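One structure is given here, and the rest of the page talks about it.
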Amino acid sequence: QVQLVESGGGLVQAGGSLRLSCVASGRTFSSYHMGWFRQAPGSEREFVARISFSGSTTYYAVSVKGRFTISRDNAKNTVYLQMNSLKPEDTAVYYCAAAQRWTTNENDYESWGQGTQVTASA
């Protein structure tokens, strides 16, 4: 497993941008597919985006497609989530996670970060 630490969250006005980072410890980061999930108050955690271990393939939830971009730098053991045109409904705690399966099912992700709060004010 890898240990994951997110950063980059904060408060931004609707329409603004944030970039989240997730740094992994361990030498096997490049063997994991990585995902971003989010959980709003009173809601279940939901899938946001995922990227293959090589970075060649990405997949997005419909709600964020065209606004968010997931990327990774395996040399830095880091995965990013660039969030543009933020909406109040994007407000949530955002988590990065690592999986050996190519999946959107959170139960298949074996390592999770502690989360970072993103708030988009109206």
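The structure presented is a predicted model; accordingly, all values stated were derived computationally and were not measured.
Rounding to the nearest 0.5 Å places OG1 of Thr69 at 14.0 Å from OH of Tyr80. Here the CG atom belonging to Asp73 is positioned 10.5 Å from the OG atom belonging to Ser21, to the nearest 0.5 angstrom. With rounding to the nearest 0.5 angstrom, the CD atom of Gln100 is 9.0 Å from the CD atom of Gln1. With rounding to the nearest 0.5 angstrom, the OG1 atom of Thr103 is 6.5 Å from the CZ atom of Arg50.
Below 30°, between 30° and 60°, or above 60°: for Tyr95 and Trp112 the angle between ring planes is above 60°, a perpendicular geometry.
Counting non-hydrogen atoms of other residues, nucleotides and ligands closer than 6.0 Å to CD of Glu110 gives a total above 12.
With contacts defined as side-chain heavy-atom distances shorter than 4.5 Å, the pair Ser121/Leu11 qualifies.
Clustering of Ile, Leu, Val, Met, Phe, Trp and Tyr by side-chain heavy atoms under 4.5 Å joins Leu18 with Val2, Leu4, Val12, Leu20, Phe29, Tyr32, Met34, Trp36, Val48, Ile51, Tyr60, Val64, Phe68, Ile70, Val79, Leu81, Met83, Leu86, Tyr94, Val118.
Legend: residues meeting salt bridge (Lys or Arg N to Asp or Glu O under 4.0 Å) with Arg67, ordered by chain and number and at least two apart, are Asp90. Legend: residues meeting side-chain hydrogen bond (donor to acceptor under 3.5 Å, both in side chains) with Glu46, ordered by chain and number and at least two apart, are Arg38.
No donor-acceptor distance shorter than 3.5 angstrom exists from the side chain of Ser63 to the backbone of Ala61, with no hydrogens or angles considered. Counting only distance, with no hydrogens or angles, the side chain of Asn77 and the backbone of Ser25 share no donor-acceptor pair below 3.5 Å. No donor-acceptor distance shorter than 3.5 angstrom exists from the side chain of Thr91 to the backbone of Thr119, with no hydrogens or angles considered. Of the possible polar contacts, one joining the Arg72 side chain to the Ser52 backbone as a donor-acceptor pair under 3.5 Å is found.
Counted by atom type alone, Glu6 and Thr116 present zero donor-acceptor pairs between their side chains at under 3.5 Å. Asn84 and Ser17 are linked by a side-chain donor-acceptor pair at a separation below 3.5 angstrom, with hydrogens and angles left out of the test.
With ring centers used as reference points, Trp102 lies 6.0 Å or more from Phe53.
Closest non-hydrogen pair, Tyr109 versus Gly35, comes out as CE2-N, 3.7 Å.
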